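Only one structure is covered here, and it is reproduced in the block below.
All values below come from the heavy atoms of this structure, side chains included, with hydrogens, waters and symmetry mates left out. Numbering of residues begins at 1 and proceeds along the displayed sequence. From a predicted model like this one, the values you see are computed outputs, not experimental measurements.
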Amino acid sequence: MTPTVDCFVPGTEDASWHSEIAVCPQINGIHGIETPTPFIPLERSLSTHTLQRITAQCIGDYILLYTHAGDLHIGYRAIERMLRTAIESGADWVYSHRHVVKQGERIAVPTNEYQEGSVRDDFDFGPLVLIRTEAVRSFLATRPEAVSHAALYQLRLYISRTGRLVHVDEYLYTEHEQDTRTSGQKQFDYVDPRNRQIQIEMEQACTAHLRATGAFVDHRTLKGIDTAAGTFPYEATVVIPVKNRAKTIGDAVRSVLSQETDFEFNLIVVDNHSTDGTAEILSRLASRQLTIVVPDRNDLGIGGCWDLAIRHPQCGRYAVQLDSDDLYSDTHTLQRIVDTFRREHCAMVVGSYRLCNFALEPLPPGVIDHREWTEENGMNNALRINGLGAPRAFYTPVIREIGFPNVSYGEDYAVGIAISRQYRLGRIYEPIYLCRRWEGNSDAALSPERVAAHNHYKDSLRTQELRARQRAACAARE
């Protein structure tokens, strides 16, 4: 007998596009889902109770779930294609690429292959997924912790452990997107205080998953550093990689040189072959504290420039980040960072920053402080999110041992999660950094293809890190 499907969509009123689903012969019916948070997509607002109701209503072998509120256009025989994929592959969860109509323009939005490290709660499956009904019932039979927002995330993590998530490498449908913000604006949703309860639930689900997969890190096993060990030319070194930032590099350098500290510090600027006048500006700012490094190579990304700087003989005990278009919030930022190293004996310190425009006027959501990080669980929660915050600072012997990947995206995240597996991290929750958003930012408005590529890379970092944590846990038990 041919398997059948029940479709579930947000809201309780029929929409004109529902008929495109209803014509599929495998569809039993279309059911509305009432949600208490209509402006939050279902993937971030589906409760355990709602998931139970969906399963109780479903008489088919599969659940077709649409998680967004906009109109949907089903491609030619798309549901049949998803269903056939599920049957032939034995998948419990099937998803695909899609097209999105955004401000009248139809654009292709690719989705990534799911991998072991795809544990972030905002993994983009697209809003249309096909889920095997029995897999949902099996999940609910485990009596998961009841949640108001994270049920779909819990289910997906469960399936990643017990079944298969399969990606159809085809564009099967088109949605009319209602969220017209750029990628640079969307990336801060997870630190918006209004979403705090959602974040708490997502963290709990991810932590449970890491425990179940043997990748959980107990904060009591983390090591501290000896802040008096070794000899360094400076106590702290600020590192600025730069390429073609003539408009901002002067402000950044002056922000560093104006720091007031009780220790000696310097600044290493790695000028990655700028051609816009950046080098000339740096030469005019030359001082005893400023070392300008021009790489011998032409193949370095931001991470490669960082790696060059931390291995420079003038690099101090602590290497502190400043991007070439940002500023420290006042003259005491560097002192606060080093004081945190000294007080907490941590191998990495991460501060908080305030979003602002080029004129330093505040931008929403304002302060990005990553309060989801806690001493007890931050190192595990770091695998759920896409960043750790800024400014970042590193104990030089540890970061030299780990090294930066030679990339221009995610290099800081790669070393951050690696450090957090073994060492304590310090946090400063008050803003000590001004992050300027302007048209020159590399991540201000990325194409869907670029967003997917970036996310795939960070998922690959998480996959490596998960396996490293699992190996470490096994070694500790032996």
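For the side chain to side chain donor-acceptor pair (under 3.5 Å) test, no residue two or more places apart in sequence or in another chain qualifies with Y153. Here R220 pairs with D218 under the side chain to side chain contact (heavy atoms under 4.5 Å, CB included) rule; sequence neighbours left out. By the side chain to side chain contact (heavy atoms under 4.5 Å, CB included) test, T237 is found to be paired with Y234, V239, N266, I268, C315, residues two or more places apart in sequence or in another chain being considered. Not counting sequence neighbours, the partners of Y114 by the ring-ring contact (aromatic ring centres under 6.0 Å, His included) test are F123, F125. S274 is linked by a side chain to side chain donor-acceptor pair (under 3.5 Å) to D271, counting only residues two or more places apart in sequence or in another chain. Residues satisfying the side chain to side chain donor-acceptor pair (under 3.5 Å) test with D226, not counting sequence neighbours, are none. Residues that satisfy the ring-ring contact (aromatic ring centres under 6.0 Å, His included) test with H99, not counting sequence neighbours, are Y171. Not counting sequence neighbours, the partners of I107 by the side chain to side chain contact (heavy atoms under 4.5 Å, CB included) test are V100, E105, V109, P448. Residues passing the side chain to side chain donor-acceptor pair (under 3.5 Å) test with S118 are D459, sequence neighbours excluded. With sequence neighbours excluded, the residues forming a side chain to side chain contact (heavy atoms under 4.5 Å, CB included) with L360 are L327, C356, L434, R436, listed by chain and number.
Between D121 and R44 there is a salt bridge, since at least one side-chain N of the basic residue sits less than 4.0 Å from a carboxylate O of the acidic one. The pair R254-D251 counts as a salt bridge, with a side-chain nitrogen and a carboxylate oxygen less than 4.0 angstrom apart. Taking a cutoff of 4.0 Å between a charged side-chain nitrogen and a carboxylate oxygen, R164 and D92 do not qualify as a salt bridge. Ion pairing between a basic and an acidic side chain is recognised when a charged N comes within 4.0 Å of a carboxylate O; E465 and R421 show such pairing.
Pairs engaging residues 289-308 under the ring pair (Phe, Tyr, Trp, His ring centres under 6.0 Å) rule: W306-F394, W306-F404 [sequence neighbours left out].
Heavy-atom contacts from other residues, nucleotides or ligands closer than 6.0 Å to CG of D299 number more than 12. The number of heavy-atom neighbours closer than 6.0 Å to CZ of R297, taken from other residues, nucleotides and ligands shown, is 12 or below.
Between Y353 and Y433, the angle of the ring planes goes over 60°, which puts this pair in the perpendicular group of the 30/60° scheme.
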Please report, to 0.1 Å, the donor-acceptor pairs under 3.5 Å made by any side chain of residues 281-294, with sequence neighbours excluded.
from	atom 1	to	atom 2	distance (Å)
S283	OG	E280	O	2.6
S287	OG	Q289	N	3.4
Q289	NE2	F265	O	3.2

